Amino acid sequence: MIEARHLRVLRAVAGTGSFSAAARELGCTQPAVSQQMKALEQSASTPLLIRTGREMRLTQAGEALVRHAAGILAGLTAAEEEVAAIAGLRAGRVRLVSFPSGSSTLVPTALAAMRAAHPGTRISLVEAEPPRSVEMLREGDCDLALAFRYGGGAAGAAAEWEDLVVTPLLTDRLVGLVPEGHRLAGAERVGMAELADEPWIAGCPRCRRHLVEVCEGAGFTPRIDFATDDYPAVVGLVGAGLGVAVLPELAVESVRAKGVSTLAVEPAVEREVVALTLPDLARVPAVAATLGELVRAAAR
């Protein structure tokens, strides 16, 4: 295998015409230059220099190698500089995927901090709910994924994510939403069973499944009249008196809850919000820095 250090020595010998002059240019000894040239000729399996007395000239193979060496060494230098810039957070990119309520609450604070601290790092954002966001991470379509899991399914989710680096961000409690004129409006808390006869507005498919599980645990099956992935639409439907809902606090925080009363739900229902990445990606400086800013944003 031809090594870059050997190519540098060959160029110096070709440019100066001797081993001793090349050694002075490179800041090493003449025997070291001789040894590296011998190693290069062994790698090339052909002579590269013709020595006639004090003179030295290149063979045809040596001329070809010197001609290519310039481009190879220039490309290697450029690659080294680019890698150094990425490692030093002067460059690089992070592809982030997040569920909508995370995008509107945690992500803006984290990305603003990243831009201020590392303006050379480019961060892109797309939205997807888990498990699609987790699939995107495993398929190489993103570097960092915000996801969530509900308490009742934590063991299963932990097994599902065992090949990933999981960073807990916060615990997000679900709250009940009722129209302002509802009989329970103004109450501090409500038991799920008290909502058994209400029409329901459900959220994303995963949240919808969890809603059914929670309601069945309280002894009833919810009558879901409307279902939408759009949290503002859920709030709007409740505010119009078309039903009740439970939403994560992050979702309520990101929406102007007009015409709606919020109340604590009993028994408490919580979901854990996490950041996921692959083990190799966790060591990439830009990904690690973004992850750190997400942790700080969640702690505020």
Side-chain angles (χ1 to χ4, degrees), residues 1-96 111 113-125 136-145 163-165 277-293:
M1 181 180 292
I2 296 174
E3 298 183 26
R5 61 193 177 102
H6 294 158
L7 290 178
R8 291 191 176 96
V9 171
L10 176 63
R11 289 190 68 199
V13 171
T16 61
S18 71
F19 283 179
S20 56
R24 288 193 296 272
E25 181 177 296
L26 295 171
C28 61
T29 65
Q30 189 269 345
V33 170
S34 178
Q35 289 173 1
Q36 292 200 47
M37 284 304 306
K38 186 180 295 184
L40 180 57
E41 287 184 324
Q42 288 175 346
S43 297
S45 300
T46 187
L48 302 174
L49 295 167
I50 298 173
R51 303 164 185 82
T52 55
R54 293 185 177 182
E55 292 185 358
M56 192 171 295
R57 58 188 175 85
L58 296 170
T59 65
Q60 186 177 0
E63 290 174 351
L65 201 52
V66 168
R67 189 169 62 251
H68 287 288
I72 292 169
L73 294 174
L76 182 59
T77 299
E80 289 172 343
E81 289 176 355
E82 184 173 347
V83 169
I86 293 170
L89 289 173
R90 301 190 306 277
R93 69 168 187 181
V94 178
R95 297 167 300 164
L96 175 64
L111 297 198
M114 275 295 294
R115 176 170 290 183
H118 310 293
T121 300
R122 294 184 297 108
I123 303 179
S124 62
L125 170 67
M136 291 174 66
L137 179 62
R138 289 198 177 103
E139 291 168 0
D141 294 329
C142 70
D143 306 307
L144 198 56
D163 60 321
L164 305 176
V165 176
T277 192
L278 296 169
D280 288 341
L281 286 172
R283 297 194 293 271
V284 175
V287 174
T290 305
L291 185 56
E293 294 299 348

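Note that this is a predicted model, so its numbers are computed, not measured.
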Crowded around E82 CD? As in, over 12 foreign heavy atoms under 6.0 Å?
->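 Open: at most 12 neighbouring heavy atoms sit under 6.0 Å from CD of E82.
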
Residue Q60 excluded, over 12 heavy atoms near CD under 6.0 Å |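 Not buried by this count: 12 neighbours or fewer within 6.0 Å.
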
Side-chain heavy atoms of [X] within contact of [Y], under 4.5 Å:
X: E41; Y: T46; result: no
X: L111; Y: L96; result: yes
X: H6; Y: E3; result: yes
X: T277; Y: V287; result: yes
X: L49; Y: R57; result: no
X: L144; Y: R95; result: no
X: L65; Y: I2; result: yes
X: L164; Y: R138; result: yes

Search all heavy atoms of [X] against all heavy atoms of [Y] and return the closest pair with its distance.
X: A282; Y: A288; result: O-CB, 3.7 Å
X: C142; Y: A145; result: SG-CB, 4.4 Å
X: P47; Y: A61; result: O-CB, 4.0 Å
X: A4; Y: L76; result: CB-CD2, 3.4 Å

Of V284, L281, L137, which meets side chain to side chain contact (heavy atoms under 4.5 Å, CB included) against D143?
->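 Only one of V284, L281, L137 forms a side chain to side chain contact (heavy atoms under 4.5 Å, CB included) with D143, namely L281.
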
Derivation and outcome, side chain to side chain contact (heavy atoms under 4.5 Å, CB included), residues T121 and R93 | CA-CA 5 Å; T121 300; R93 69 168 187 181; 5.9 Å; no

Reported [atom1]-to-[atom2] distance for the pair [X] and [Y], which is rounded to 0.5 angstrom:
X: L48; Y: L40; atom1: CG; atom2: CG; result: 5.0 Å
X: L10; Y: H68; atom1: CG; atom2: NE2; result: 12.5 Å
X: S20; Y: E25; atom1: OG; atom2: CD; result: 11.5 Å
X: H118; Y: I123; atom1: NE2; atom2: CD1; result: 9.0 Å
X: L58; Y: I50; atom1: CG; atom2: CD1; result: 8.5 Å

Tell me, with the steps shown, if V13 and M56 meet side chain to side chain contact (heavy atoms under 4.5 Å, CB included).
-> CA-CA 9 Å; V13 171; M56 192 171 295; 3.7 Å; yes

What side-chain donor-acceptor pairs closer than 3.5 Å can you find for residues 26-37, not counting sequence neighbours?
unit_1 : atom_1 : unit_2 : atom_2 : d
T29    : OG1    : A32    : N      : 3.2

